Amino acid sequence: MSQKRSKKYQTALELIGEETYAPLAAFAKLKEVSTANFDETVTADFRLGIDTRQADQQLRGTVSLPNGSGKEVRVAVFAEGEAARVAEEAGADIVGTEELMAQVQAGEFNFDAAVATPDQMGKVGRLGKILGPRGLMPNPKLGTVTNDVAKAIKELKGGRVEYRADRYGIAHVIIGKVSFDAEKLAENYGAVYDEILRMKPSAAKGKYVKSITVSGTMTPGVPVDSAVTRNYAENAE
């Protein structure tokens with residue numbers, strides 16, 4: 001049974017049409033078709049020529065958005081002593097060890113990202129089966145296992161987002177809010193695009209970036225021209 005779409009959604013599809021847009025034009029069109037009564041989150045979906053079932057074709061990392069993500073990020077820090085004090089001063093929302101671990105084990109997740117100092121990972125590692133599936137496990141490759149907790153907190157709250165290709169080779173990445181200017185969305189998109197190109201797995205064969213679509217929470221996808229790789233905020237043609 002086919003899914004029935006609302007009249008607003010159908011109208012948005014008609015406005016988007018069959019065209020593939022340069023980045024700035026894509027975000028201008030996305031703002032045009034957004035009709036939700038809330039500030040929709042904008043996501044870019046990169047369909048990549050990788051097989052994530054292969055260990056040498058995994059794609060995961062973080063990237064800092066130049067204009068932020070528009071999302072208020074609550075950060076929890078597993079730390080003790082001086083590191084805990086620094087984390088509190090840097091604006092962490094929750095700081096602790098045993099008490100914080102007990103909250104997680106009880107199913108209380110009052111945070112969107114977690115940071116841990118290296119000396120705490122022996123304890124935090126026991127929470128892997130709880131935090132891992134939720135994407136909340138501190139990871140040194142993502143910069144969330146670190147002694148520089150202040151830097152990690154600043155980056156997470158300032159617009160650092162995670163990207164990860166799923167089993168279909170698609171990376172879904174938050175790049176802002178519909179309320180952002182099209183130019184700011186295009187700049188954020190450019191930062192993500194560059195990072196995904198930079199992190200191309202060496203084992204990937206054939207065409208790497210197959211297609212790109214940007215969308216709001218409630219909008220259809222707007223196809224982006226993957227051949228446009230520079231001047232994201234200027235190139236609207």
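Numbering of residues begins at 1 and proceeds along the displayed sequence. Because the structure is predicted, anything quoted here is derived from the model rather than measured.
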From CA spacing to verdict: side chain to side chain contact (heavy atoms under 4.5 Å, CB included), Phe46, Thr213: CA-CA 7 Å; Phe46 297 82; Thr213 303; over 6 Å; no
Could you walk me through whether Val63 and Tyr163 satisfy the side chain to side chain contact (heavy atoms under 4.5 Å, CB included) test, starting with their C-alpha distance in whole Å, then the side-chain angles of each, then the deciding distance to 0.1 Å, before giving a yes or no? CA-CA 8 Å; Val63 57; Tyr163 60 87; 4.3 Å; yes
Trace of the side chain to side chain contact (heavy atoms under 4.5 Å, CB included) decision for Ile175 with Thr43: CA-CA 6 Å; Ile175 57 172; Thr43 304; over 6 Å; no
Run the side chain to side chain contact (heavy atoms under 4.5 Å, CB included) check on Asn139 and Arg60 step by step: do they pass? CA-CA 11 Å; Asn139 186 324; Arg60 183 182 184 186; 3.9 Å; yes
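Summarising the geometry of Ala204 relative to Gly49, their closest heavy-atom pair is CB-O, 4.0 Å, with the distance given to 0.1 Å. When all heavy atoms of Val149 and Ala83 are compared, the pair lying nearest together is CG2-O, 3.7 Å. Ala84 and Val95 make their closest contact through CB-CG1, 3.6 Å (heavy atoms, listed as atom of the first residue, atom of the second, distance). Closest approach of Ala191 and Pro66 over heavy atoms only: CB-CD, 3.7 Å. What you find for Glu80 and Thr97 is that their closest heavy atoms are CG-CG2, 3.2 Å. Of all the heavy atoms in Pro138 and Ala114, the pair that sits closest is CG-O, 3.9 Å.
For the pair Ile212/Asp45, no side-chain contact is recorded, criterion being any heavy-atom separation below 4.5 Å from C-beta on. Between Phe111 and Val104, the closest side-chain pair of non-hydrogen atoms falls below 4.5 Å. You'll find the side chain of Leu59 reaches within 4.5 Å of the side chain of Met199, heavy atoms only. Using a 4.5 Å heavy-atom cutoff, the side chains of Leu185 and Val42 are in contact. Contact of the Val124 side chain with the Leu131 side chain is registered, since non-hydrogen atoms from C-beta on lie closer than 4.5 Å. Put simply, the side chain of Ile94 reaches to within 4.5 Å of the side chain of Asn110, judged on heavy atoms. At a threshold of 4.5 Å between non-hydrogen side-chain atoms, the residues Phe27 and Val214 count as touching. Side-chain contact between Tyr168 and Thr52: absent, with no pair of heavy atoms (C-beta onward) separated by less than 4.5 Å.
Listed for the Asp225 side chain is no donor-acceptor partner under 3.5 Å among the backbone atoms of Pro23. Between the Tyr21 side chain and the Ile16 main chain, a donor and an acceptor come within less than 3.5 Å of each other. Using modelled atom types, one side-chain atom of Asp93 and one backbone atom of Val75 make a donor-acceptor pair closer than 3.5 Å. With hydrogens and angles disregarded, a donor-acceptor distance shorter than 3.5 Å links the side chain of Gln57 to the backbone of Asp51. Put simply, the side chain of Thr11 gets close to the backbone of Lys7: a donor and an acceptor are under 3.5 Å apart. Not one N or O on the side chain of Asn188 forms a donor-acceptor pair closer than 3.5 Å with the backbone of Gly176. Of the possible polar contacts, none joining the Tyr189 side chain to the Leu24 backbone as a donor-acceptor pair under 3.5 Å is found. Between the side chain of Asp166 and the backbone N or O of Gly169, at least one donor-acceptor pair lies under 3.5 Å.
Considering only residues two or more places apart in sequence or on other chains, Lys210 meets the side chain to side chain contact (heavy atoms under 4.5 Å, CB included) condition with Arg47.
No path of Ile, Leu, Val, Met, Phe, Trp and Tyr side chains, each step under 4.5 Å between heavy atoms, connects Ile174 with Val73, placing them in separate hydrophobic clusters. In the hydrophobic cluster analysis, where Ile, Leu, Val, Met, Phe, Trp and Tyr join through side-chain heavy atoms closer than 4.5 angstrom, Phe109 is grouped apart from Leu156. Cluster membership check: Ile153 shares its hydrophobic cluster with Val86, using side-chain heavy-atom separations under 4.5 Å among Ile, Leu, Val, Met, Phe, Trp and Tyr. Leu65 and Ile196 end up in the same hydrophobic cluster when Ile, Leu, Val, Met, Phe, Trp and Tyr side chains are linked at under 4.5 Å. Under the 4.5 Å side-chain heavy-atom criterion for grouping Ile, Leu, Val, Met, Phe, Trp and Tyr, Leu197 is connected to Val173 within one hydrophobic cluster.
Between the side chains of Glu187 and Asn67, at least one donor-acceptor pair of N or O atoms lies under 3.5 Å. Using a 3.5 Å distance cut-off with no hydrogens or angles, the side chains of Thr146 and Asp148 do not pair a donor with an acceptor. Side-chain contact, Thr41 with Lys177: a donor N or O sits under 3.5 Å from an acceptor N or O. No hydrogens or angles considered: a donor-acceptor pair under 3.5 Å links the side chains of Asp39 and Ser179.
For the pair Glu40 and Lys31, the salt-bridge criterion is not met [side-chain N within less than 4.0 Å of a carboxylate O]. Using a 4.0 Å cut-off between charged side-chain N and carboxylate O, Glu98 and Lys123 make a salt bridge. Note on Glu88 versus Arg85: no salt bridge recorded, every NZ/NE/NH1/NH2 to OD/OE distance being 4.0 Å or above.
Residue Met218 is found in a hydrophobic cluster whose other members, listed by chain and number, are Phe38; membership requires side-chain heavy atoms under 4.5 Å apart, directly or through intermediates.
A distance of 8.5 Å separates OG in Ser211 from CG in Leu48, rounded to the nearest 0.5 Å. The distance from atom CD of Glu162 to atom NE2 of His172, rounded to the nearest 0.5 Å, is 13.0 Å. Distance check: Asp112 CG to Arg134 CZ gives 13.0 Å after rounding to the nearest 0.5 Å. Atoms OG1 and CD, from Thr144 and Glu155 in turn, are 10.5 Å apart once rounded to the nearest 0.5 Å. Note: Thr117 OG1 to Gln120 CD = 4.5 Å, rounded to the nearest 0.5 Å. We find the CZ-NZ distance between Arg198 and Lys200 to be 14.5 Å, quoted to the nearest 0.5 Å.
A 6.0 Å sphere centred on CZ of Arg164 holds no more than 12 heavy atoms belonging to other residues, nucleotides or ligands.
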